[in-house]
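Below, each value reflects all heavy atoms present in this structure, side chains not excepted, and no hydrogens, waters or symmetry copies.
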Amino acid sequence: MIKVLLVDDQSLIRQGLKALLELESDLEIVGEAENGGSAIKLIEELYPDIVLMDIRMPIMDGVAATREIQKRFIGIKVLVLTTFDDDEYVTAALQNGAMGYLLKDTPSEELAVAIRAVYKGYTQLGPGIVKKLLTQFPKVTPTQSASPPTSLAELTPREKEVLRLIAAGASNREIACKLYISEGTVKNHVTNILNRLNLRDRTQAAIFANSFLSHLDNSN
């Protein structure tokens, strides 16, 4: 059973999330908090597996709460739920240890899948956040790196296609539609890419691809 703590300053949203997520047999809502400060206190008592965190809240916002959680509680993972207007806050939350970002209008089935993925240690990024993250990192110029790492040449043409689309911020579903392959096949390609390039997650893969995009475009 995956224990989930809901953190949002709007009680209606918390109630809606709780009602939807409790329909999943492997998810248990162990508590609710209306701000980051209250969340920290509840974590000390309940020690949930996943904290479903809003960003903009009074007293202590989601960024500060995420930072505090990462400092004080080993193994507890934060998944941010927010809106497009919160991109800067989301970037800060990810930089402070959040494992993912999703929009508040994400279908409950997809949210449940994301919670399970974060629980297993995978990063979950919603639309638009990859491009936002890329602006935080300078591109690698030819003077900084004369040639790409040799591991890039080990990727198959299909894996390079997938990597290009990851760099563009595409989800697994979008990549599957674009390349006319199954979502399961996309997941396999992503796993292979991460392993061959020795990367931790999709965010690192997107940053890597952005740095060596010209080499990807010129490769077969």
| said: When you compare the side chain of V78 with that of V7, does any pair of heavy atoms fall below 4.5 Å? | reply: no
| query | Going by heavy atoms in the side chains, are L6 and L21 under 4.5 Å from each other? | reply | yes
| Student check: side-chain heavy atoms of E174 and L165 closer than 4.5 Å | no
| said: Measuring from atom OG1 of T185 to atom CG of N172, what distance do you get when rounded to the nearest 0.5 angstrom? | reply: 11.0 Å
| field | Nearest-0.5 Å distance, CD1 of residue I193 to CG of residue N198 | value | 14.0 Å
| query | Looking at CG of L23 and CD of E109, how far apart are the two atoms once the value is rounded to the nearest 0.5 Å? | reply | 9.5 Å
| query | When rounded to the nearest 0.5 angstrom, what is the spacing between OG in S108 and CD1 in I115? | reply | 10.0 Å
| task | Any salt bridge (charged side-chain N to carboxylate O under 4.0 Å, His left out) involving residues 188-197? Give me the pairs, sequence neighbours left out, ordered by first then second residue. | result | E159-R196
| Taking the side chain as C-beta and beyond, is there a heavy-atom pair between D8 and L81 under 4.5 Å? | no
| query | So do the side chains of L197 and L163 get within less than 4.5 Å of each other, counting heavy atoms only? | reply | yes
| field | Minimum heavy-atom distance between L5 and A39, given as atom pair plus value | value | CD2-O, 3.9 Å
| For L102 and A114, which heavy atoms make the closest approach, and how far apart are they? | CD1-CB, 3.3 Å
| query | Of the non-hydrogen atoms in A98 and T66, which two are nearest, and what is the gap between them? | reply | N-CG2, 3.6 Å
| pair L17-L111: side-chain heavy atoms closer than 4.5 Å | yes
| So, do I69 and I40 sit near enough that their side-chain heavy atoms are less than 4.5 Å apart? | yes
| task | Look at the side-chain heavy atoms of Ile, Leu, Val, Met, Phe, Trp and Tyr, link any pair under 4.5 Å apart, and say whether I13 and I29 land in one connected group. | result | yes
| said: Going by the rule side chain to side chain contact (heavy atoms under 4.5 Å, CB included), which residues pair with E161 if we only count those two or more places apart in sequence or in a different chain? | reply: R158, R164, L179
Please list, one pair per line, the donor and acceptor atoms closer than 3.5 Å that link side chains of residues 42-53 to other protein atoms, with sequence neighbours excluded.
| unit_1 | atom_1 | unit_2 | atom_2 | d |
| --- | --- | --- | --- | --- |
| E44 | OE2 | R72 | NH2 | 2.2 |
| Y47 | OH | I74 | N | 3.4 |
| Y47 | OH | I74 | O | 2.6 |
| D49 | OD2 | K3 | N | 2.7 |

| message | Taking side chain to side chain contact (heavy atoms under 4.5 Å, CB included) as the definition, give me every residue that meets it alongside A117, ordered by chain and number, with sequence neighbours left out. | response | Y122, Q124
| request: Answer with yes or no whether the hydrophobic clustering places Y119 together with L20; edges join I, L, V, M, F, W, Y residues whose side-chain heavy atoms lie under 4.5 Å apart. | output: no
| field | Residue pairs passing the salt bridge (charged side-chain N to carboxylate O under 4.0 Å, His left out) test where at least one lies in residues 25-37, sequence neighbours excluded | value | R14-E32, K18-E32, D26-R116
| remark: One should read off an interatomic distance between K120 NZ and M99 CE, to the nearest 0.5 angstrom, of 13.0 Å
| said: Atom NZ of residue position K104 - does it have more than 12 heavy atoms of other residues, nucleotides or ligands inside 6.0 Å? | reply: yes
| field | Closest contact, heavy atoms only, G36 versus A65 | value | CA-CB, 3.7 Å
| request: For residues Q10 and D54, determine if any side-chain heavy atom of one lies less than 4.5 Å from a side-chain heavy atom of the other. | output: no
| task | Determine the minimum heavy-atom distance between V63 and D61, stating which atoms define it. | result | N-OD1, 3.1 Å
| note | Sequence neighbours excluded, the answer for side chain to side chain contact (heavy atoms under 4.5 Å, CB included) partners of L194 is V190, L199, A205
